Amino acid sequence: MTVEEYLRSLVFGLDLTDAVLERSAKSPIEVGLKPFDLKDDAYPSVRDEDFQKRLDYASSTVYYSVLGVFAGGGYTEQVGDVKVSKGGYTITMADRERFQSLADNLRLKHGFDIESSHDSGGIYDLGYTRYRL
């Protein structure tokens, strides 16, 4: 399994873009570790502590990236008589909390700083600010 396949497998059902995967694979450089190439082997015969730190850091970056996703709409494409549909996905608050926790735990495990908390995604009632005619 390559690093790309490994990182894609972390969030089942969500199609991660190539840019997210590339950024995640390169992210260990932020803490002074060697970055990955997406074609690197995720399960080499010799897997040292440094390798695990790098893989955990890249994985945490994937989880943090998912926190920005809230919902994706589906789409339909038709060419001639062939019609293809792809359904959307939804990231719930429970999913966001789980991904935040996974990312934080991977970083804290190796003594790295965690990313600041992302927007809670809450809904606010601002109806009281409307004009009354």
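The model shown is predicted, which means the values in this text are computed figures rather than measured ones. Note that the numbering runs from 1 along the sequence shown for the chain.
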- Message: Using the rule given for side-chain contact (heavy atoms from CB on, under 4.5 Å), can you reason through Ile114 versus Tyr64, listing the C-alpha separation, both sets of side-chain angles and the distance that settles it, and then say yes or no?
- Response: CA-CA 10 Å; Ile114 59 174; Tyr64 283 132; 3.4 Å; yes

- Which residues satisfy the side-chain hydrogen bond (donor to acceptor under 3.5 Å, both in side chains) test with Thr61, sequence neighbours excluded? Ser27, Arg107

- Message: Could you work out, with side-chain hydrogen bond (donor to acceptor under 3.5 Å, both in side chains) as the rule, every residue matching Arg23, not counting sequence neighbours?
- Response: Ser65

- Message: Can you pull out every side-chain hydrogen bond (donor to acceptor under 3.5 Å, both in side chains) where at least one residue sits in residues 31-46? Sequence neighbours excluded, please.
- Response: Glu4-Lys39

- Message: Run the side-chain hydrogen bond (donor to acceptor under 3.5 Å, both in side chains) test against Asp95 and tell me which residues pass, sequence neighbours left out.
- Response: Thr92

- Message: Can you tell me if Asp113 has over 12 outside heavy atoms packed within less than 6.0 Å of its CG?
- Response: no

- Task: Return yes when atom CD of Glu49 has more than 12 non-hydrogen atoms of other residues, nucleotides or ligands closer than 6.0 Å, and no otherwise.
- Result: no

- Give a yes or no answer on whether the side chain of Ser59 reaches the backbone of Leu55 with a donor-acceptor pair at less than 3.5 Å. yes

- Message: Evaluate Leu16 against Leu7 for side-chain contact (heavy atoms from CB on, under 4.5 Å), listing each step before the verdict.
- Response: CA-CA 9 Å; Leu16 299 171; Leu7 294 176; 5.6 Å; no

- Message: Restricting to side chain to side chain contact (heavy atoms under 4.5 Å, CB included), what partner residues turn up for Lys109, sequence neighbours left out?
- Response: Asp56

- Looking at Val66 and Val11, what are the two nearest heavy atoms and their distance? CG2-CG2, 3.7 Å

- Message: For the CG atom of Leu108 and the NE2 atom of His110, what is their distance to the nearest 0.5 Å?
- Response: 10.5 Å

- Note on the structure: Grouping ILVMFWY residues whenever side-chain heavy atoms fall under 4.5 Å, the cluster of Tyr57 otherwise contains Val31, Leu33, Phe112

- Closest contact, heavy atoms only, Ser60 versus Leu106: N-CD1, 3.9 Å

- If you look at every heavy atom in Glu5 and Met1, which pair is closest and at what distance? OE1-CA, 3.3 Å

- List in chain and number order the residues that pass salt bridge (Lys or Arg N to Asp or Glu O under 4.0 Å) with Glu30, two or more places apart in sequence or in another chain; answer none if no residue qualifies. none

- Linking directly or through intermediates, with side-chain heavy atoms under 4.5 Å: list the remaining ILVMFWY members grouped with Val79, chain and number order. none

- Using ring-ring contact (aromatic ring centres under 6.0 Å, His included) as the criterion, list what pairs up with Phe51, not counting sequence neighbours. Phe36

- Can you find a pair of side-chain heavy atoms, one from Met93 and one from Arg96, that are under 4.5 Å apart? yes

- Message: Applying salt bridge (Lys or Arg N to Asp or Glu O under 4.0 Å), can you list everything that pairs with Asp104, at least two apart in sequence or on another chain?
- Response: none

- Task: May I ask you to decide if Gly80's main-chain N or O and Gln78's side chain share a donor-acceptor pair within less than 3.5 Å?
- Result: yes

- Task: List in chain and number order the residues that pass salt bridge (Lys or Arg N to Asp or Glu O under 4.0 Å) with Asp18, two or more places apart in sequence or in another chain; answer none if no residue qualifies.
- Result: Arg8

- Message: Please find the pair of heavy atoms, one from Ser24 and one from Pro28, that lie closest to each other, and give the distance.
- Response: O-CD, 3.6 Å

